[in-house]
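This report refers to the structure that appears directly beneath it.
To find a chain, count down the sequence lines: A is the first, B the second, and so on, and within it residues start at 1.
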2 protein chains.
Amino acid sequence: MRPANPKNKVQILEMAIPLFAKSGFNGVSMRDIAAVVGISAAALYYHFSDKQSLYLQAVAQAFANKDETLTKTLATDDPPEQRLYNFILKFSELIYQDANFLSLLIREMLDGDDERLQKLTRQVFRMQFSSIIDLCKELAPKFDPHLLAVSIIGQLVYHIETKQVRVYLKGGKPEHNDPEVIADHIFNLIMYGLKSNCSVE
Amino acid sequence: MRPANPKNKVQILEMAIPLFAKSGFNGVSMRDIAAVVGISAAALYYHFSDKQSLYLQAVAQAFANKDETLTKTLATDDPPEQRLYNFILKFSELIYQDANFLSLLIREMLDGDDERLQKLTRQVFRMQFSSIIDLCKELAPKFDPHLLAVSIIGQLVYHIETKQVRVYLKGGKPEHNDPEVIADHIFNLIMYGLKSNCSVE
DNA sequence: GTCTATATACCGATAGAC
DNA sequence: GTCTATCGGTATATAGAC
């Protein structure tokens, strides 16, 4: 039978990404991927040398351009506070909209060996983390910029990561999943803390 | 051959916990567990009806008493600020010392279906989250207590979760992994924010 | 309570036709 | 580039001896 719709590598990767995000490397078989792509499992080996190679390329594909997108929001002429808010809102929207990206990221932090994590930080986070750290230094020289950057990103990630769980916890409301509500809350907390009356409602 | 050292369920669970924490449900086989326990894979089926049952009981075992421990630090006569600091430090030490607990928790949030997540929040987090929310209301009535509680726990979890990755990021220092350094940073940030000079009290 | 042996299914990967 | 067929290995789980 003549193949009606031959696939290229990127198409296959894009279809594999949600599978790996949902079930992890060990939870997805080559047959599973082949099924959603619409070809046989054997055909996957024409495009990729083995399963690990397919997985790593899928992760790289899912992470591509994320760093660039975020770094751009930090490299403007706006005042530092505005740049921080823009970054927080952009990051919030990014991980809210692209659930696969966040899942794969968390899975990589759990499963990746030292070599892969090093590569990950270089490819995905280096520029962005560098920019946010410089911004932290500018905004609050008294704070350790590394700890501060992790605190900001940690809140963003965790608010989205716990989306599914939080509805069962006390005080959970639907609007807590709105990326803008999350961003406003984090910015306000980071800037002014609990003991301030400078807060912006 | 006479069995030299028969195992009970709890012993098996305790030995399975680090395996599931490190490699996840799909990354651990019944043979793997049997090997570290020191019995045959078939013998596991005397204690557990199937792999899923063993896994769920291992998770329950790993999570047992965590809620109680944390809730206790919140139920004292100390002033609210002191209670918040005690909670942050205790939580920081807890997830730093028990890496299996945090790994399993994150994996459950990725893999658990709605039913399991609901059970998880009831068993592990309900009292603790309830107490921290009441404390948040007391400390900062102007903030949404749910968002605030997630921000506090999110920072704690993320600082420890990224332990392995952060060494490759700008400004990373060994002392950033000290649970007390993390706790002090988070408490200070939460209470006073970056603009501490414009706080009222 | 643990063993050996085994049933059954699925896995990753390859061979060779088209 | 994709197919069918298949290999060798491993998975979960069971049967039955001790």
Side-chain angles (χ1 to χ4, degrees), chain A residues 1-61 104 107-108 110-113 115-116, chain B residues 1-61 104 107-108 110-113 115-116:
Chain A
M1 194 172 67
R2 180 79 56 82
N5 184 19
K7 311 287 180 183
N8 64 33
K9 284 178 77 157
V10 175
Q11 284 178 303
I12 294 170
L13 293 175
E14 291 290 353
M15 288 187 264
I17 285 170
L19 295 185
F20 284 127
K22 182 164 191 291
S23 306
F25 180 82
N26 290 312
V28 178
S29 70
M30 293 297 269
R31 286 168 169 84
D32 292 335
I33 299 167
V36 302
V37 172
I39 59 177
S40 72
L44 290 174
Y45 288 88
Y46 172 82
H47 299 278
F48 305 94
S49 60
D50 55 21
K51 185 186 174 185
Q52 163 125 328
S53 167
L54 197 166
Y55 171 74
L56 290 176
Q57 289 180 55
V59 172
Q61 175 72 23
L104 285 176
R107 289 191 184 282
E108 278 296 291
L110 283 170
D111 296 334
D113 55 28
E115 189 197 327
R116 243 162 64 196
Chain B
M1 194 170 69
R2 180 79 57 80
N5 184 20
K7 311 287 180 185
N8 65 34
K9 284 177 77 156
V10 175
Q11 284 178 304
I12 294 171
L13 293 175
E14 292 289 353
M15 288 187 265
I17 285 169
L19 295 184
F20 283 127
K22 183 166 190 291
S23 307
F25 181 81
N26 290 312
V28 177
S29 70
M30 293 299 268
R31 284 169 165 84
D32 294 335
I33 298 166
V36 303
V37 172
I39 58 176
S40 72
L44 290 173
Y45 289 89
Y46 171 81
H47 299 277
F48 305 95
S49 61
D50 55 21
K51 185 186 174 185
Q52 163 125 329
S53 167
L54 197 166
Y55 171 75
L56 290 176
Q57 288 180 55
V59 171
Q61 176 72 23
L104 285 176
R107 289 190 185 282
E108 276 297 289
L110 284 169
D111 298 334
D113 55 27
E115 188 197 328
R116 241 159 69 192

(message) Can you build the contact string for nucleotides 12-18 of chain D? Use B for base contact, S for sugar-phosphate-only contact, and - for no protein heavy atom under 4.0 Å.
(response) BBBB---
(request) Sorted by first residue and then second, give each side-chain hydrogen bond (donor to acceptor under 3.5 Å, both in side chains) pair with at least one member in residues 25-39 of chain B; sequence neighbours left out. (result) Ser29(B)-Asp32(B)
(message) Which nucleotide wins on minimum distance to the side chain of Ala43(B), given the candidates dT2(C), dC3(D), dC11(C)?
(response) dT2(C)
(request) Can you sort out which residues in residues 14-24 of chain B have a heavy atom within less than 4.0 Å of DNA chain D? Ascending by number, please. (result) none
(message) If the condition is side chain to side chain donor-acceptor pair (under 3.5 Å), which residues does Glu14(A) pass it with, not counting sequence neighbours?
(response) Gln61(A)
(message) With a 4.5 Å cut-off on side-chain heavy atoms, are Asn8(B) and Gln11(B) touching?
(response) yes
(request) To the nearest Å, give me how far apart NE2 (His47(A)) and C1' (dT2(D)) are. (result) 8 Å
(request) Any pair with a residue in residues 24-51 of chain B that passes ring pair (Phe, Tyr, Trp, His ring centres under 6.0 Å), sequence neighbours left out, goes on the list, sorted by first then second residue, please. (result) Phe25(B)-Tyr55(B)
(request) Would you kindly give the CG-to-C1' distance between Asp32(A) and dC11(C), to the nearest whole Å? (result) 10 Å
Pairs of donor and acceptor atoms involving the side chains of residues 17-24 of chain A, under 3.5 Å and at least two apart or interchain, shall be tabulated with distances.
none

(request) Using side chain to side chain donor-acceptor pair (under 3.5 Å) as the criterion, list what pairs up with Ser53(B), not counting sequence neighbours. (result) Gln57(B)
(request) Would you name the heavy atoms of Val37(B) and Met15(B) that are closest together and state the gap between them? (result) CA-SD, 3.9 Å
(request) Write down the distance between CZ (Phe48(B)) and P (dT2(C)), rounded to a whole number of angstrom. (result) 11 Å
(request) Starting from P on dT4(D), measure out to OH on Tyr46(A) and report it in whole angstrom. (result) 18 Å
(request) Grab the CG-C1' distance between Leu44(A) and dC3(D) for me, whole Å please. (result) 13 Å
(request) Drop me the distance from Ile33(A)'s CD1 to Leu54(A)'s CG, to the nearest 0.5 angstrom. (result) 5.0 Å
